[in-house]
Amino acid sequence: ETGVTQTPRHLVMGMTNKKSLKCEQHLGHNAMYWYKQSAKKPLELMFVYSLEERVENNSVPSRFSPECPNSSHLFLHLHTLQPEDSALYLCASSPRGGGQETQYFGPGTRLLVL
Amino acid sequence: QKEVEQNSGPLSVPEGAIASLNCTYSDRVSQSFFWYRQYSGKSPELIMSIYSNGDKEDGRFTAQLNKASQYVSLLIRDSQPSDSATYLCAVNRGGDSWGKLQFGAGTQVVVTP
């Protein structure tokens with residue numbers, strides 16, 4: 001596979017469920033990102049990882065828990081979500097995490113919380 | 001005040017015409033500016049990046065940056081139906097701010113044959 005991949009592509013979960021989103025990048029990058037995209041709203045940066053170290057947590061509720069075991073993989077663990085968390089969750093990567101770098105996005109996971 | 005502002009549109013453009021998209025940002029120390037295109041149901045993909053004042057051209061696309069006015073624009077020449085998408089303006093402070101992009105809500109462009 002090439003680029004940035006995300007699984008699952010669609011997810012429906014109840015408020016009491018626990019699920020995880022997976023992102024994998026095949027670009028040799030060292031920085032990875034989680035974004036949330038809600039309808040009619042700008043993309044919101046959630047987390048930034050550089051060389052497996054979290055460098056940004058953009059005031060995200062604790063019901064979202066990121067994990068970056070290596071520079072190619074990024075997870076977002078979900079538990080006790082709310083209906084307003086329903087959104088498109090996008091993963092991205094960039095070479096080193098610098099401000100001038102292009103970020104390459106995965107296809108996203110469409111999440112519906114019932 | 002929103003950090004990055006764009007007109008939501010839709011911007012209706014006849015095929016072959018020029019589409020002009022505007023973006024303003026509030027943080028004066030912003031260093032890097034990006035235009036992403038997002039087709040419905042797809043993820044964003046980079047169209048242009050610009051870091052210095054002035055114009056930058058790439059094929060049918062021209063980005064224009066004016067840091068004094070805190071304004072960045074995108075022109076699409078000879079618009080094609082395949083250009084119909086939402087265009088996202090993104091701004092990064094650069095330096096030690098990592099890749100913390102601030103996105104606008106996007107401008108929907110509809111190119112009519």
Side-chain angles (χ1 to χ4, degrees), chain A residues 2-7 9-10 21 23 25 27 29-51 53-60 68 71 74 87-110, chain B residues 1-10 23-27 29-52 56 58 61 63 65 67 72 85-108:
Chain A
T2 60
V4 182
T5 58
Q6 291 186 243
T7 55
R9 295 294 306 277
H10 301 272
L21 310 184
C23 174
Q25 58 93 4
L27 300 169
H29 291 167
N30 289 320
M32 298 186 77
Y33 312 80
W34 279 117
Y35 286 89
K36 175 184 178 182
Q37 188 173 35
S38 303
K40 304 299 183 185
K41 289 186 176 181
L43 271 80
E44 302 171 51
L45 179 66
M46 301 175 72
F47 301 103
V48 180
Y49 275 84
S50 177
L51 294 172
E53 179 181 342
R54 190 190 311 177
V55 297
E56 178 74 10
N57 176 345
N58 204 24
S59 302
V60 179
C68 187
S71 59
L74 184 66
L88 180 67
Y89 288 85
L90 290 161
C91 174
S93 72
S94 71
R96 291 167 303 281
Q100 290 199 349
E101 294 175 355
T102 298
Q103 294 182 20
Y104 296 86
F105 286 84
T109 295
R110 178 75 61 184
Chain B
Q1 181 187 6
K2 296 178 183 176
E3 297 200 38
V4 180
E5 293 211 47
Q6 299 179 252
N7 290 328
S8 61
C23 173
T24 58
Y25 59 94
S26 60
D27 191 338
V29 301
S30 298
Q31 298 284 338
S32 307
F33 307 86
F34 305 85
W35 283 99
Y36 282 83
R37 176 176 63 198
Q38 187 173 26
Y39 291 113
S40 180
K42 302 293 185 182
S43 58
E45 56 180 338
L46 183 75
I47 297 295
M48 296 279 289
S49 58
I50 187 167
Y51 313 111
S52 303
K56 179 181 179 182
D58 184 359
F61 299 95
L65 175 61
K67 290 184 179 180
V72 58
T86 296
Y87 290 79
L88 308 176
C89 174
V91 176
N92 191 294
R93 292 184 60 183
D96 61 356
S97 295
W98 301 98
K100 295 194 296 183
L101 292 180
Q102 296 283 345
F103 280 85
T107 298
Q108 184 185 4

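Every chain is numbered from 1, with letters handed out A, B, ... down the list of sequences. Just so we're clear, the structure is a prediction, and the values are computed from it rather than from any experiment.
- When all heavy atoms of A:S93 and A:V4 are compared, the pair lying nearest together is OG-CG2, 3.7 Å.
- Side-chain atoms of A:L74 and A:W34, non-hydrogen and from C-beta on, do get closer than 4.5 Å to each other.
- Counting heavy atoms from C-beta outward, A:Q100 and B:Y51 have side chains that approach closer than 4.5 Å.
- Contacts of B:L101 with chain A are made by both backbone and side-chain atoms, with heavy-atom separations under 4.5 Å.
- Looking only at heavy-atom pairs under 4.5 Å with chain B, the residue among A:E44, A:Q37, A:R110 that has the most is A:Q37.
- Neither the backbone nor the side chain of B:F33 comes within contact range of chain A; no heavy atom of the residue lies under 4.5 Å from a heavy atom of that chain.
- Interface residue B:Q38: only side-chain heavy atoms are found under 4.5 Å from chain A.
- Of the atoms belonging to A:L43, heavy atoms from both backbone and side chain fall under 4.5 Å from chain B.
- For chain B, the nearby parts of A:T102 are the backbone and the side chain; heavy atoms of each come within less than 4.5 Å.
- A distance-only check finds a donor-acceptor pair linking the side chain of A:E101 to the backbone of A:G98 [under 3.5 Å].
- Annotation: A:F105 is in aromatic contact with A:Y35 [ring centroid separation under 6.0 Å].
- No side-chain donor from either of B:T86 and B:Y36 sits under 3.5 Å from a side-chain acceptor of the other.
- Of all the listed residues (A:S50, A:A92, A:G108), the one sharing the greatest number of non-hydrogen pairs under 4.5 Å with chain B is A:S50.
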